Amino acid sequence: MRAALNTTFLSLRVPNYRLFAGGQLVKLVGVWMMFTAQDWLVLELSGDSPGALGMVTALQFVPVMVLTLWSGRLADRYDKRKLLVAANAAFAAFAILFAVLVAAGVVELWHVFVSALFLGIANAVETPVRQAFVSELVELRLLPNALALSAATFNVARISGPALAGVLLAVLSTPGVFLISTVLAVAPVFTYLRMRPAELHGTDRRAGGDARVIDGLRYVGKRHDLLLPIGMMAVIGMIGFNFPVTLAALAKIEFDAGPSSFGLLTTCLAIGSLGGALAGTRRRTRPGVYKVIGAALFFGVFEFAVGFAPNFAVAALLLVPTGFFSIYLAQGANHRVQMGVDPEYRGRVMALYVLVFLGTTPIGATLSGWWGEHFGVPSSIWAAGLVSFVAALGALAWQLRASGERLRIERRPRRRIRLAVTPVVPRPRSASRAHAEPLAHSGSGVNV
């Protein structure tokens, strides 16, 4: 048991990573409290409009569409730690201003829209830089564990944040939740400042040096092993990951539940997500492409099932495996991209991943809100699951065609049956696959 725990939390032995994880946990608890209260506030101010909820979510992610690739370029040119201090300070300042408006009782719907946009700008700069910064906190052998623990930290916050917000919404009302969440959002500024720069595993860079966005895009275009997960997550991230819109609407409109029940739905999703994150902490090598695609298939199936849940209890139960495969998928795709990229391109490639995964949210959130308003909230959920499942099937067909492999049913002892992948005809590897595939099997070719 002790050995398993030591393996799971191995990266926490690194002081800089410990500061990073602690600051992120405190901030993200506050952020999830803020977003939970914000969703409820929007429904109150808009007369229970899923469209307004979708608009707020879209405004939070519009800056990701516009600024993320530029942020990746900054990450490859400048000190990531200093960039993260500035981005988190800006986020905290915007959050404080909005909390004051809510506490003063003068907040209107357009204030929420503007606040969502400015918080989105800060996140658009911070997210790709933070994604790339993890590789500088630990040495190469600890990178899979550090990435998995980062996902676990995110989901611990996603469990505790909404649950705490649900209680505080009933006890302190909305202004109290915003004031508390704002205080927590300041934490990363101090933890980044306390890090020891000499112990970072950064690559040499020259400020103002050449790090063009177009070069990063061309690099990905030549790498089938990067292009496939990025392309698949572009569709699933846009359509399948709209839970901030769908769960609030499902709780309040479909099940006529209160804020604490909404927090419970989000918590059930996050409990499963935490399990998915912890399942990846023992990973030591780059995940295989079929494992990532398999997680996408299961995610689509369970999200589809949530859309047909007959009552609140069944929906809550189904959200646990949905959450598990959502984060296992997102984490696996992230690991496959980040552990297969050359260090000089990491900032720009991770920015592209963030762009397609999170930057497409304005489109998906707006579409989900519109669909829920016209055809019902449950249909917006099962349709998203169906689209995610079809996207995973498309990725599977693409991989089989590119690799020359095929699926076959394999009978195992004790009457067990499993799917196996076998090559049909040996095919010469392209230059891009020759560069990539050794990483997929051994993980030894990753440079940090």
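Small disclaimer: the values here were computed from a predicted structure and weren't measured.
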Under 3.5 Å, is there a donor-acceptor pair between the side chain of [X] and the main chain of [Y]?
X      : Y      : answer
Ser388 : Gly300 : no
Asn145 : Ser11  : yes
Asn16  : Arg196 : yes
Asn88  : Pro188 : no
Asn311 : Val314 : yes

- Phe255 atom CZ: more than 12 heavy-atom contacts under 6.0 Å: yes
- Quick check: are there more than 12 heavy atoms from other residues, nucleotides or ligands sitting under 6.0 Å from CZ of Phe190? no
- Message: Go through it in stages, so that I can follow the logic: the residues are Tyr353 and Thr127, the test is side chain to side chain donor-acceptor pair (under 3.5 Å), and I'd like the CA-CA distance, side-chain angles, deciding distance and then a yes or no.
- Response: CA-CA 11 Å; Tyr353 179 82; Thr127 303; over 6 Å; no
Closest non-hydrogen atom pair, [X] against [Y]:
X      : Y      : answer
Pro229 : Val337 : CG-CG2, 4.0 Å
Arg336 : Val292 : CD-CG2, 4.5 Å
Ala279 : Tyr328 : CB-CE1, 3.9 Å
Leu318 : Ala309 : CD1-CB, 4.4 Å
Met238 : Asn242 : O-ND2, 2.9 Å
Thr246 : Ser368 : CG2-OG, 3.3 Å

- Starting from the C-alpha separation in whole Å, work towards a yes-or-no answer on side-chain contact (heavy atoms from CB on, under 4.5 Å) for Gln60 and Asn123. CA-CA 8 Å; Gln60 284 176 327; Asn123 274 331; over 6 Å; no
Counting C-beta onward and ignoring hydrogens, is there a side-chain heavy-atom pair between [X] and [Y] closer than 4.5 Å?
X      : Y      : result
Glu139 : Leu142 : yes
Phe324 : Ile271 : no
Arg286 : Gln338 : no
Leu184 : Lys27  : no
Phe20  : Val14  : no
Leu69  : Arg348 : no
Leu228 : Ile293 : yes
Tyr219 : Val341 : yes

Find the distance between [atom1] ([X]) and [atom2] ([Y]) and round it off to the nearest 0.5 Å.
X      : Y      : atom1 : atom2 : value
Met233 : Phe241 : CE    : CZ    : 4.5 Å
Met34  : Thr182 : CE    : OG1   : 4.5 Å
Ile236 : Met232 : CD1   : CE    : 5.0 Å
Phe299 : Ile327 : CZ    : CD1   : 10.5 Å
Met350 : Ser71  : CE    : OG    : 13.5 Å
Arg18  : Arg194 : CZ    : CZ    : 10.0 Å

- So Phe98 and Phe178, would you call those rings parallel, tilted or perpendicular, with 30° and 60° as cut-offs? perpendicular
- Message: Parallel, tilted or perpendicular, judged at 30° and 60°: which one describes the rings of Trp32 and Phe35?
- Response: perpendicular
- Message: Whether the Asn334 and Gln131 side chains hold a donor-acceptor pair (N or O, under 3.5 Å, no angle test) is what I'd like checked.
- Response: yes
- Query: In terms of side-chain heavy atoms, does Tyr17 have a donor or acceptor partner in Glu136 at a distance below 3.5 Å?
  - Reply: no
- Note on the structure: Those residues at least two apart in sequence (or on a different chain) that pass ring pair (Phe, Tyr, Trp, His ring centres under 6.0 Å) with Phe389 are none
- Message: Once ring pair (Phe, Tyr, Trp, His ring centres under 6.0 Å) is applied, do any residues pair with Phe325, and if so which ones, sequence neighbours excluded?
- Response: Phe298, Phe302
- Query: Is there a side-chain contact (heavy atoms from CB on, under 4.5 Å) between Leu137 and Glu199 once you walk through the steps?
  - Reply: CA-CA 8 Å; Leu137 292 169; Glu199 296 179 8; over 6 Å; no
- Query: Can you list the steps and then say if Trp398 with Leu227 is a side-chain contact (heavy atoms from CB on, under 4.5 Å)?
  - Reply: CA-CA 11 Å; Trp398 182 11; Leu227 198 57; 4.0 Å; yes
- Between Ser49 and Leu43, does a side-chain contact (heavy atoms from CB on, under 4.5 Å) hold up when you go through it step by step? CA-CA 6 Å; Ser49 170; Leu43 290 173; 5.9 Å; no
